[in-house]
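Chain A is the first sequence line, chain B the second, and so forth, proteins listed ahead of strands; every chain is numbered from 1.
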There are 2 protein chains.
Amino acid sequence: MSAANMDVPETIKATDDCAVREVLDLVGDKWSVLIVVLLGRRTHRFSELHRAIEGISQRMLTLTLRALARDGLVTRTPHATVPPRVDYELTELGRTLLAPLTALETWADTHRDEIRAARRRHDDALQSEPRS
Amino acid sequence: MSAANMDVPETIKATDDCAVREVLDLVGDKWSVLIVVLLGRRTHRFSELHRAIEGISQRMLTLTLRALARDGLVTRTPHATVPPRVDYELTELGRTLLAPLTALETWADTHRDEIRAARRRHDDALQSEPRS
DNA sequence: CTGTATCCAAACAGATACTG
DNA sequence: CAGTATCTGTTTGGATACAG
């Protein structure tokens, strides 16, 4: 825990003091974490990312990278070559995010089956007792 | 890490093998983590959550709770009293999520200022060199 | 190659009114 | 009290065409 839990305020404002919300606003979208994880492995250029992340559109890749750069998680390095080439790399700040992200990933790996089981159980229950 | 990182596949499919994506699909929305954190403190009833989470609509609270219940993260316990009363509680699975969530929260707390600084720096740079 | 611009469809989310 | 139903506005994201 981050020191003592302060006062443990009874009321939480989503837009306010909640730190988790901030992270989620940063990387809670569809593609950010994938990009961060990929860049955690090594520097990638635009087209590499585009190929690596199956299903992402050019538009979303651009937008997501721009947001990550704005938040100081990745750097954008254009090379004045022909053809042009742009490298994306994790910043120091971005690299620090890898650890907690990995923790989440581990959790997902560990409990993936439980979640699926719970979901099946829940959905089955709806089938057997749609008796209002 | 969850054992050896497999093959470290070069290509990641967003809908596929990425475990992080699964967690984010679970709690990556606007309200889920807040609810999980609140329920991590103690059991809450519907109206308590509604009051505690400033800004959430009844609709979103219902939908989010339903999703969390479906994924096996919270339990829903209706009491046949007058007036009716429904208690929401974290499941064992839900409680295991608190740790990685806290890790993220800590990260956010720690780096919040850096992010804001990076954002300002970035936005200022756009002001000073809109020279195409 | 690395984007931008535009258009459009679907998902998301709030407000409000109503029900058991 | 604890929802459900509906309607609507906003946001998100893909497809496509085009540009430096």
Looking at side-chain heavy atoms only, is the closest gap between Thr102(A) and Trp107(A) below 4.5 Å?
no
Gap between atoms [atom1] and [atom2], on [X] and [N] respectively (whole Å):
X: Phe46(B); N: dT4(D); atom1: CZ; atom2: P; answer: 8 Å
X: Leu65(B); N: dT4(D); atom1: CG; atom2: P; answer: 11 Å
X: Leu61(A); N: dA15(D); atom1: CG; atom2: P; answer: 14 Å
X: Met60(A); N: dC7(C); atom1: CE; atom2: C1'; answer: 16 Å
X: Leu63(A); N: dT12(D); atom1: CG; atom2: P; answer: 10 Å
X: Ile53(B); N: dG14(C); atom1: CD1; atom2: C1'; answer: 16 Å
X: Trp31(B); N: dA13(C); atom1: CH2; atom2: P; answer: 9 Å
X: His44(B); N: dG3(D); atom1: NE2; atom2: P; answer: 15 Å

With the side chain of [X] defined as its heavy atoms from C-beta on, choose the nearest nucleotide among [options].
X: Thr62(A); options: dG14(C), dA2(D), dG3(C); answer: dG3(C)
X: Tyr88(A); options: dA2(D), dA13(C), dG3(C); answer: dG3(C)
X: Ser47(A); options: dT2(C), dT4(D), dC1(C); answer: dT2(C)

Give a yes/no answer on whether the side chain of [X] brings an N or O atom under 4.0 Å of OP1 or OP2 in [N].
X: Arg45(B); N: dC1(D); result: no
X: Lys30(B); N: dG14(C); result: yes
X: Arg85(B); N: dA2(D); result: no

Reported NE2-to-CZ distance for the pair His44(A) and Arg51(A), which is rounded to 0.5 angstrom
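That separation rounds to 9.5 Å.
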Select base, sugar-phosphate, or nothing to describe what Arg59(A) touches, counting heavy atoms under 4.0 Å on all strands.
base
Contact nearer the 5' end of DNA chain D, comparing Ile56(A) with Pro84(A):
Ile56(A)
Relative to the 5' end of DNA chain D, which residue comes earlier, Gln58(A) or Arg76(B), by the nucleotide with the nearest heavy atom?
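It is Arg76(B), whose closest nucleotide lies nearer the 5' terminus.
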Does a donor on one side chain and an acceptor on the other come within less than 3.5 Å for Asp109(A) and Thr106(A)?
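Thr106(A) and Asp109(A) do not have a side-chain donor-acceptor pair below 3.5 Å.
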Residues pairing under side-chain hydrogen bond (donor to acceptor under 3.5 Å, both in side chains) where one sits in residues 63-77 of chain A, two or more places apart or in two chains, turn out to be Arg70(A)-Asp123(B), Asp71(A)-Arg119(B), Arg76(A)-Tyr88(A)
Quick one: does Arg95(A)'s side chain have a donor or acceptor within less than 3.5 Å of a partner on Leu90(A)'s backbone?
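The answer is yes, because a donor-acceptor pair under 3.5 Å joins these two groups.
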